[in-house]
Amino acid sequence: MSTAPAYTGGTPTVRTRFAPSPTGMPHIGGLRTTVFSWLLARHSNGQFLVRVEDTDQTRTVAGAVENLLQGLEWMGIVPDEGPFVGGPVGPYYQSERKQMYAYYAAQLVASDHAYRCFCTRERLDEVRAEQQARHMPTTGYDRHCRALSPEVIAGNLAGNLPFTIRLKVPLDGEVVVREALRGEMAFKNSTLEDAVLIKSDGFPTYHLANVIDDHTMAITHVLRGDDWLPSAPLHVLIYQALGWEVPVLAHTPNVMGNDGKKLSKRHGAESILFYRDAGFLPEAMINYLALVGWSYDDKTDILSVDELIKAFSLDRVHTAGGVFDLERLRWMNGVYIRALPLDELVTRVLPYLERPAGEGGLPDTIARPIDRGLLRRVLHLDQERLKTLGDAVDLTAFFFEDALAYAPEALIGKGLTPEKALDGLRRATDLLTSMPDWEPTAMEAAMRALAEELGTKPGPLFMGVRVAVTGRTATPPLFETMLTLGRDRSEARLRDAVAKLEKHVAG
RNA sequence: GGCGCAUUCGUCUAGGGGCCUAGGACGCCGCCCUUUCAAGGCGGAGAUCACGGGUUCGAAUCCCGUAUGCGCUACCA
């Protein structure tokens with residue numbers, strides 16, 4: 001009777017879990033801890049599961065679980081057990097485990113480790129207000145119902161009075177929390193509150209549900225944000241009251257915003273899907289996130305997922321909070337993009353270009369699907385210029401557009417008069433058009449010779465051609481770009497530019 | 001107010017008594033490469049290791065205190 005339904009999947013292995021409440025989109029802070037949990041499970045050849053903590057029915061947001069899992073899956077973090085996939089210790093929604101919590105709560109009451117509390121919210125509010133007004137050292141429940149006589153309890157029950165079940169915290173002594181990252185921490189029982197275990201609506205609070213689930217789901221390592229540290233002693237007390245072994249408890253430092261404050265829904269904590277849509281690579285995300293609060297050594301910062309799994313361990317997790325640094329993530333993402341095989345890059349970039357302009361894709365005037373062969377040649381030139389996959393949209397658009405929009409002044413190279421620029425552009429156009437074969441080295445040599453003949457530096461001359469052909473001042477190497485764009489289109493753009501500049505100079 | 005955790009360059013971090021006149025990375029600055037932008041190479045600025053006391057021959061590293069920051073203090077998680 002007192003034996004809990006335990007995991008029966010075989011030999012005990014490391015089992016970790018991510019236990020989100022379905023109140024919104026996952027954000028970077030919680031995600032980092034999840035990465036740790038997942039890495040630990042993978043490192044140990046154990047299991048990683050997802051359990052939805054939806055005991056607060058008033059805050060549950062529709063679709064949140066799907067988003068959560070979608071985000072994790074994008075990162076390559078796929079739970080071994082959880083919603084949708086199921087598993088041997090389900091259900092994986094706390095709202096569906098209500099009877100189990102009630103059962104153990106009753107057991108705690110029977111063993112005198114917990115008691116029914118009939119206090120109304122009004123009374124609780126009054127007590128709290130009074131305590132605050134008097135600046136009492138400890139705010140918290142005054143334990144009014146802790147020693148109700150059996151008769152009173154029976155009467156209240158008969159009268160159908162709503163009640164909560166509270167933990168009967170020992171009045172003195174202390175609890176020792178064995179914290180994996182911090183060692184043993186002793187808390188005075190006198191500073192702990194008789195926390196509510198079962199709410200009057202019959203649902204458990206986090207404290208109870210968390211302990212029961214972690215035990216019955218055979219979780220061996222509980223990794224959670226350090227904002228949970230203050231309630232760890234409470235949880236240890238519950239484990240002890242139930243006669244259960246306490247799993248390894250590790251409270252990871254939180255990832256904070258630029259201002260050093262905890263990340264929250266409205267505070268720079270974009271959903272993980274935001275990063276996906278911006279074009280960050282999941283492998284870069286994991287690598288970056290793993291390095292906030294954990295390190296491998298004093299010099300390595302690029303680690304593949306496999307390397308991370310192999311190297312991860314709790315004893316290199318540290319205890320101070322870290323600030324989320326987008327610039328560093330962008331740098332790392334660029335490293336990963338540059339390392340991608342070209343065809344792989346093409347495959348990954350394609351959806352970013354083809355999505356509607358309103359969602360960040362190429363202008364809708366550009367026909368879909370994008371020519372994969374052309375894109376491949378384009379990305380060959382742009383790969384080292386991308387920090388995110390989304391950058392490709394802006395960088396490559398001119399290869400796909402029909403008409404270029406730029407100001408005629410842009411055609412005038414630095415230090416040139418409009419007339420000289422026009423002359424240079426005409427001569428360059430004639431020169432390039434007359435070349436029998438287009439080959440970058442020969443084109444460059446010819447253009448340099450032209451610059452010398454015109455008595456200008458190559459730079460300004462090249463810039464005029466660059467803008468003519470691409471509409472921008474920053475591009476991949478000019479002649480390779482022209483070849484990639486195609487001779488016909490390049491020449492047409494040169495002629496358009498000459499006309500444009502003629503008009504500008506004349507008018 | 002109470003309780004708790006934390007504190008090394010702007011940021012992520014290495015460091016667990018002498019190897020530290022504190023190392024790496026991002027970012028920043030300069031130079032090189034160069035037709036632009038990147039990428040790459042080289043170099044630089046940037047931390048009295050929060051502060052104050054100890055312990056020790058010797059402390060960023062151990063202990064105590066202070067300060068600051070953050071978190072918790074709900075029938076939220």
Side-chain angles (χ1 to χ4, degrees), chain A residues 19-23 53-56 58-59 117 119-121 124-125 128 131-132 134-141 162-166 179 181-182 185 187-188 191-193 195-207 209-210 224-233 251 253-254 256 258 260-262 288 291-302 316 318-332 334 338 381-387 395 413-414 444 447-448 451 457-463 465-467 470 472-479 481:
Chain A
S21 58
T23 54
E53 310 220 325
D54 58 348
T55 57
D56 185 351
T58 62
R59 300 204 312 158
C117 170
C119 290
T120 61
R121 285 206 203 242
L124 260 20
D125 289 343
R128 188 160 28 244
Q131 285 169 335
Q132 276 165 357
R134 288 213 237 149
H135 293 291
M136 288 175 65
T138 312
T139 50
Y141 180 54
F163 62 89
T164 62
I165 293 179
R166 287 181 183 271
E179 214 282 336
L181 310 178
R182 288 162 247 256
M185 304 196 304
F187 292 82
K188 285 196 184 66
T191 63
L192 269 25
E193 186 175 2
V196 170
L197 265 20
I198 298 280
K199 297 181 260 187
S200 55
D201 63 1
F203 280 95
T205 58
Y206 171 84
H207 305 301
N210 159 263
R224 70 212 323 187
D226 65 8
D227 41 339
W228 283 112
L229 199 48
S231 47
H251 296 85
N254 275 301
M256 300 169 295
N258 298 316
K261 291 220 178 18
K262 185 183 168 185
Y288 173 75
L291 259 24
V292 180
W294 176 85
S295 63
Y296 176 66
D297 62 13
D298 60 339
K299 51 180 76 70
T300 311
D301 40 34
I302 300 296
R316 287 194 70 85
H318 66 168
T319 46
V323 173
F324 180 76
D325 183 354
L326 185 63
E327 274 313 307
R328 190 167 155 85
L329 204 213
R330 287 175 56 77
W331 161 75
M332 193 173 280
R338 273 171 252 135
L381 299 176
D382 271 322
Q383 183 162 21
E384 66 194 24
R385 275 160 259 262
L386 300 176
K387 281 231 165 45
L395 253 32
K414 204 175 173 190
E444 182 177 344
M447 282 287 287
R448 283 184 183 282
K457 288 198 208 157
L461 180 68
F462 285 33
M463 185 54 84
V465 174
R466 166 173 291 109
V467 172
T470 68
R472 17 171 82 229
T473 53
T475 73
L478 182 53
F479 305 109
T481 298

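Basis for what follows: all heavy atoms, side chains included, without hydrogens, waters or symmetry-related copies. Treat the numbers as computed from the prediction; the structure is a model and nothing was measured. Throughout, a chain's letter reflects where its sequence line sits, starting with A, and its residues are numbered from 1.
- Below 30°, between 30° and 60°, or above 60°: for A:Tyr206 and A:Trp228 the angle between ring planes is below 30°, a parallel geometry.
- Using a 4.0 Å heavy-atom criterion, one finds that A:Arg224 contacts no nucleic acid atom at all.
- Residue order along RNA chain B, read from the 5' end via each residue's closest nucleotide, puts A:Lys188 first among A:Lys188 and A:Arg385.
- In this model, the phosphate group of B:U13 is approached by a side-chain N or O of A:His318 to a distance below 4.0 Å at OP1 or OP2.
- With hydrogens and angles ignored, a donor-acceptor pair under 3.5 angstrom links the side chain of A:Ser200 to the base of B:C75.
- Residue A:Thr55 places at least one side-chain N or O under 4.0 Å from the OP1 or OP2 atom of B:A77.
- Distances shorter than 4.0 Å separate none of the side-chain N or O atoms of A:Thr191 from OP1 or OP2 on B:G2.
- Nucleotides B:G27 and B:C42 are separated by 16 Å at their P atoms, to the nearest Å.
- Residue A:Arg166 is in sugar-phosphate contact alone, with no base atom involved, counting any heavy-atom pair closer than 4.0 Å across all strands shown.
- Straight-line distance between the C1' atoms of B:G69 and B:A25: roughly 25 Å, to the nearest whole Å.
- Look at A:Lys199 and you'll find a side-chain N or O under 4.0 angstrom from OP1 or OP2 of B:A77.
- B:G58: no Watson-Crick or G-U partner with both key distances under 3.5 Å is found in any strand.
- The nucleotide B:C33 finds no pairing partner, because no Watson-Crick or G-U wobble arrangement with both distances shorter than 3.5 Å includes it.
- Rounded to whole Å, the P atom of B:C19 lies 15 Å from the corresponding atom of B:C49.
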*asked:* Run the side chain to side chain donor-acceptor pair (under 3.5 Å) test on A:Arg59 and A:Thr23 for me, step by step, so that the C-alpha distance in whole Å, both residues' side-chain angles and the decisive distance to 0.1 Å come before the verdict.
replied: CA-CA 6 Å; A:Arg59 300 204 312 158; A:Thr23 54; 4.9 Å; no
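- The same atom, P, is picked in B:G10 and in B:G46; the two are 11 Å apart, to the nearest Å.
- Base pairing analysis places B:G4 opposite B:C70; the two distances defining the Watson-Crick or G-U wobble pair are each below 3.5 Å.
- Counting heavy-atom neighbours within 6.0 Å of A:Lys199 NZ, excluding the residue itself, gives a total above 12.
- One P atom belongs to B:G18, the other to B:G2, and the distance between them is 39 Å to the nearest Å.
- Pairing for B:A47 is absent, judged as Watson-Crick or G-U wobble with the two contacts each under 3.5 Å.
- The side chain of A:Arg316 places an N or O atom within less than 4.0 Å of a non-bridging phosphate oxygen (OP1 or OP2) of B:G15.
- Side-chain atoms of A:Arg328 come within donor-acceptor range of the base of B:A25, with a qualifying N/O pair under 3.5 Å.
- Separating the P atom of B:A14 from that of B:A6 is a span of 15 Å, rounded to the nearest Å.
- Side-chain nitrogen and oxygen atoms of A:Lys414 include none within less than 4.0 Å of the OP1 or OP2 phosphate oxygen of B:U36.
- Rounded to whole Å, the C1' atom of B:A47 lies 4 Å from the corresponding atom of B:C9.
- When both pairing distances are held under 3.5 Å, B:G27 makes no Watson-Crick or G-U pair with any nucleotide shown.
- Phosphate contact (OP1/OP2 of B:C37, side-chain N/O of A:Arg466, threshold under 4.0 Å): absent.
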